[in-house]
Participant: 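The structure is given below, and queries will be raised subsequently.
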Amino acid sequence: MYGCETLGQQGGTAMRRNEEVAQLLETIAELLMLKDENPYRIRAYTTAAQNIRALSEDIEEIARQGRLDDIPGIGEALAAKIQEYLETGRLRYYEELKQEVPEVAVDLLEVPGIGPARAHRLYETLGITTISELLRAAQEHRLRDLPGFGPKVEERIAREAARLAQRTRRLLLGVALPIAEEVAALLRRHPAVEAIEPAGSLRRMKETIGDIDILVSSRQPPEVSHAFAQLPIAREVLATGPTRPSILTREGLQVDLRIVEPDCYGAALQYFTGSKEHNIALRGLAAERGWKLSEYGLFDKGGQRLASRTEEEIYQALALQWVPPELRENRGEIEAAREHRLPQLVELSQIRGDLHAHTDWSDGHDAPERMVEAAIARGYEYLAFSDHSQSLAVARGLSPEQVRKQRQLVDELNERYAPFRVLHGAEVNILPDGTLDYPDEVLELFDIVTASIHSAFELSRERMTARVLRAIEHPAVDILGHPTGRLLPSLPPYDIDLEPVLKAAAEHGVAVEINGQPDRLDLDDVWSRRATELGVPLATNSDAHSVRQLENMRYAVATARRGWVEARHVVNTRPLPDLLAWLKRRAAYR
DNA sequence: GCCGTTTTCGGCCCGACTGTTTTCAGTCG
C-alpha cells in the first residue's frame, strides 16, 4: 500500500501518472470493499482504474483540457476526485476513508472464503486487521459465533490463513505452461476427450499465473476425471468430482480440470479464459440486446441458445471479431473488435531469427555450433551470438582478444552453414555513466550490438534514465536489452523513466528488446504497446543460455502479442536481407 | 459511482457452491 504523500512527489511521465491514478482508485475500491459498500460503486472505481490504464494519452493533459469525464466509466464525481488529486497531490476522500477503515485490513480479502462482508465484520466486531490476528482468532474459536460465520467457515479460514502465511507465489508463465501442456498432451490421447486446452490466465499468456486451469470437452466426464487422477504426473489427488477434478503435480502445482459437454465447449472456453473484466464487458454487450451470456452459451430473451459450440460463434453473434486470448484484458479490445480493427498480432511462425543468445564462450551452456544447429532446426534464417562483455566477470565476459577470435569462428560457421547467417554480436554492459563496456574499435567489429544494464541498479531515476539515453545515442548500439531489469516475481524494475527512453529509441532507430526469459518478459506487455505507439522497433529475443532456452522466444512473442504488437513492429520478423539493411543503416552512423 | 433511442432513476454479469440458514447470504471464478 502507499500514501498519497509519496505519490504526489513522484511526478514523472504520462504513463506513470496514469498508473498512479489507477492505483489510487483501486486502493479506494479495496477500502470500499472493507466497508462492505455497494458493489456497483466499488466496481465503478475498478473499471475507472482499468480504463485509465488503457489510455495512451496523458491523464494530466486530459484533465487540463477538462475532458476527464470523456473517459469511459468516469463521471462527474470521479472526474472531480482525479482533478483534485492531480492538482494537489492529495485526495481528501481517500484520506477520510483511511480514517474509517484500516488500510492494512485489505489483506484479509486475500484469504479464500473472506469477501467484503466477512472482512467488514471481522475488523468491525473483533478488530482483526491482519492475517496473523485472523489465524489466532480462528484457532481460538472466536469466529464461529459471528453472524455469517460458523464452525465450517472458521475451520476453512484457519486452514487458508495458515496456508497463506507460507503460500507459493504466482507461477511464472514459463513454468506453468509446459506443465499444463504436458497434462493436456497426455489426456488428449484418451478416447473420451474430444478437445482439451489450457484456459484462464495461462491461455491469455499472462506473465504470472495463479492456477493452472485446463478445459476438456467430453461426453463421458467421469472417465476423463478418472484418467486425470491416474496420470503419472499426479502426486496427489485433491478432488475427484466428475466435472471439476483437481490434482497436485510432482512439482507440487495444483492443476484443475473442468469437463464440459461438447455442445457448450466454446462458451466454456470463452468463459474460463477470461479475463474477468473482459467477460463482464462482453456480458454487458449481450445485455444491451436483452441477451444473456454464461459458460453455457449466449441466449436470447426467450432463453433460446444463439451460440455455444465455438468461441468464434459467440463473438460473431455479438457482432465482434474473434478476440485473441492475449488481448482479453478489457483494454480496448472489445471496441476494436466491434470496429473490425483488431491488430494482426505477431505470430511465432513469423519470427525469422533470434538476436540474443549466449554461447559457452561466456555464460551459455552450449557450444556455438550447437546453438547454430538448433536455430536452423527451428527454421530460423539467422542467429546472433551475444556473449557478455569484458567487465561482467561473473558471466565470463569476453576480452577484446576473445572477441577477435570469436569473429573468426563466426566467419567459419557462416561458411559451413550458409545460407544460414550467424551474426557476430555482443551483449555489452552499459556502465554506470552510460558509456559502453568496449572501446569503439572493438564495438566496430560486431555485426550487431545489444546494450544492457547488469550493474549499479541503485542509481537515481534521473541518473539511470540519463545512463540509458546516452547508450541509445551511441551509434554502435542496435538493440536496448531487457530495458527495466526486473526479475519476476520479486525483483522490481530499476528506477527508470521509460517514456523518454522509448522516444529516443524511436528517434535513433534503436530497437528495444522484449526479452523472453520467463522471469524477465521485459519490456512487459503494457510498455510494448506504448513502444508501438511511439514507433519504436521491437526485437523479440530468447536470451537463450542453452539450446533448450531458444524456446523462450515463444514467451517473448506472447508478451508482444499481449502488447498489441504486429509483425511489422518486430525487426526479427524481417528476412535476412532486410535485417542486414536495417543493421547497415545503423552502422552508417559509426 | 456510472449510465441512458426502452430510463435522469433504477438498473448495473452470471451461475454454482457452501454453509448458514428456514428461504438465502456470501464467496468464487
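Only this structure's heavy atoms are used, side chains among them; waters, hydrogens and symmetry mates stay out. Proteins come first, then strands; the chains are lettered A, B, ... in the order of their sequence lines, and each starts at number 1. A quick note: this is a predicted structure, and the numbers were derived from the prediction, not measured.
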Participant: Does B:dG4 have a Watson-Crick or wobble mate here (both distances under 3.5 Å), and if so which one?
Facilitator: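 Because both required distances fall under 3.5 Å, B:dG4 counts as paired with B:dC9.
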Participant: Look at all strands and tell whether A:D213 reaches a base, only sugar-phosphate, or nothing, counting heavy atoms closer than 4.0 Å.
Facilitator: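 Result for A:D213 = nothing.
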Participant: Where does B:dT21 fall, syn or anti, if syn means a chi angle no more than 90° from 0?
Facilitator: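 Glycosidic conformation of B:dT21: anti.
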Participant: Using the rule given for salt bridge (Lys or Arg N to Asp or Glu O under 4.0 Å), can you reason through A:R203 versus A:E311, listing the C-alpha separation, both sets of side-chain angles and the distance that settles it, and then say yes or no?
Facilitator: CA-CA 14 Å; A:R203 184 160 178 250; A:E311 280 193 335; 2.9 Å; yes
Participant: Would you indicate which nucleotide in B:dG19, B:dC2, B:dC14 comes nearest to any side-chain atom of A:S294?
Facilitator: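 Taking heavy atoms from C-beta onward, the closest nucleotide is B:dC14.
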Participant: What does A:A77 touch in the nucleic acid at a heavy-atom separation under 4.0 angstrom: a base, only the sugar-phosphate, or nothing?
Facilitator: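 Counting heavy atoms under 4.0 Å across all strands, the contact made by A:A77 is with sugar-phosphate only.
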Participant: Test for a donor-acceptor pair under 3.5 Å between the base of B:dG29 and the side chain of A:N279, counting only N and O atoms.
Facilitator: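 It does not, because no donor-acceptor pair links the side chain of A:N279 to the base of B:dG29 below 3.5 Å.
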Participant: Counting only heavy atoms not in A:R188, do more than 12 sit closer than 6.0 Å to its CZ atom?
Facilitator: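 Above 12, so yes.
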Participant: Can you work out whether A:G115 or A:K276 has the more 5'-proximal nearest nucleotide on DNA chain B?
Facilitator: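 Its nearest nucleotide lies further toward 5', so the answer is A:K276.
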Participant: Looking at the side chain of A:V153, which of B:dC14, B:dG1, B:dT20 is the nearest nucleotide?
Facilitator: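 The nucleotide sitting nearest to the side chain is B:dT20.
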Participant: Is any side-chain N or O of A:Y296 closer than 4.0 Å to OP1 or OP2 of B:dA16?
Facilitator: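 For B:dA16, OP1/OP2 do have a side-chain N/O of A:Y296 under 4.0 Å.
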Participant: When you compare B:dC2 with B:dC13, how far apart are their C1' atoms, in angstrom units rounded to a whole number?
Facilitator: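 About 16 Å, rounded to a whole number of Å.
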Participant: What nucleic acid atoms does A:I280 come within less than 4.0 Å of, heavy atoms only: base, sugar-phosphate, or nothing?
Facilitator: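 Base, at least one base atom sits under 4.0 Å.
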Participant: Among B:dC28, B:dG19, B:dG15, find the nucleotide with the atom closest to the side chain of A:K152.
Facilitator: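 Taking heavy atoms from C-beta onward, the closest nucleotide is B:dG19.
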Participant: Could you measure between the two C1' atoms, the one in B:dC14 and the one in B:dT22, and give it in whole Å?
Facilitator: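 Nearest-Å result for B:dC14 against B:dT22 at atom C1': 26 Å.
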Participant: Heavy atoms under 4.0 Å, any strand shown: does A:P151 hit a base, just sugar-phosphate, or nothing?
Facilitator: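 Sugar-phosphate only.
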Participant: Using the P atom as the reference point in each nucleotide, state the distance between B:dG10 and B:dG15 in Å, no decimals.
Facilitator: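 So the two P atoms sit 24 Å from each other.
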Participant: Taking NZ, NE, NH1 and NH2 as the nitrogens, is one of them in A:E154 or A:R118 under 4.0 Å from a carboxylate oxygen of the other?
Facilitator: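 A:R118 and A:E154: not salt-bridged.
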Participant: On DNA chain B, check which nucleotide each of A:E154 and A:L109 is closest to and give me the residue with the more 5' one.
Facilitator: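 Upstream on the strand: A:E154.
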Participant: Looking across every strand, which nucleic acid part, if any, lies under 4.0 Å from A:R43 by heavy atom: base, sugar-phosphate, or nothing?
Facilitator: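 Base, at least one base heavy atom under 4.0 Å.
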Participant: Assess A:K292 against A:F299: is NZ or CZ under 6.0 Å from the centre of the six-membered ring, and within 45 degrees of the ring's axis?
Facilitator: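 Ring-cation test returns no.
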Participant: Remember a base hit wins even if backbone is also touched, and classify A:F149 as base, sugar-phosphate or nothing at under 4.0 Å, heavy atoms.
Facilitator: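 Sugar-phosphate only.
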Participant: I'd like to know if A:Y40 reaches the base of B:dG11 with its side chain such that a donor and an acceptor end up less than 3.5 angstrom apart.
Facilitator: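 Answer is no: no donor-acceptor pair is held.
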Participant: Less than 3.5 Å apart, any donor N or O on the side chain of A:Y94 or A:E103 sitting next to an acceptor on the other?
Facilitator: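 A donor-acceptor contact under 3.5 Å links the two side chains.
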Participant: With rounding to whole Å, what would you report as the distance between B:dC17 and B:dC12 at their C1' atoms?
Facilitator: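 Rounded to whole Å, the distance is 24 Å.
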Participant: Counting any heavy atom closer than 4.0 Å, what does A:I42 reach on the DNA or RNA strands: base, sugar-phosphate only, or nothing?
Facilitator: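 No contact.
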Participant: For A:R283 and B:dC13, is the shortest distance between a side-chain N/O and OP1 or OP2 below 4.0 Å?
Facilitator: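 No, no such contact exists.
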Participant: Pick base, sugar-phosphate or nothing for A:P147, based on heavy-atom distances below 4.0 Å to the nucleic acid.
Facilitator: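 Nothing, no heavy atom under 4.0 Å.
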Participant: Looking only at non-hydrogen atoms, find the nearest pair between A:E333 and A:L327 and report the distance.
Facilitator: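 Scanning both residues completely, I find the closest heavy atoms to be CD-O, 3.0 Å.
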Participant: Quick one: label A:R258 by what it contacts on the DNA or RNA (base, sugar-phosphate, nothing), any heavy atom closer than 4.0 Å.
Facilitator: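 Touches sugar-phosphate only.
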Participant: Of all the choices, B:dG1, B:dG15, B:dG26, which nucleotide is nearest to the side chain of A:R118 once you look at every atom?
Facilitator: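 Output: B:dG26.
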Participant: Give A:L282 one of three labels, base, sugar-phosphate or nothing, depending on what nucleic acid heavy atoms sit under 4.0 Å from its own.
Facilitator: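 No contact.
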Participant: For nucleotides B:dG1 and B:dT5, find the distance between their P atoms and express it as a whole number of Å.
Facilitator: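 B:dG1 and B:dT5 have their P atoms separated by 23 Å.
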Participant: With the threshold set at 4.0 Å, does a side-chain nitrogen-carboxylate oxygen contact exist between A:R219 and A:E194?
Facilitator: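 Judged by the 4.0 Å cut-off on N to carboxylate O distance, A:R219 and A:E194 do form a salt bridge.
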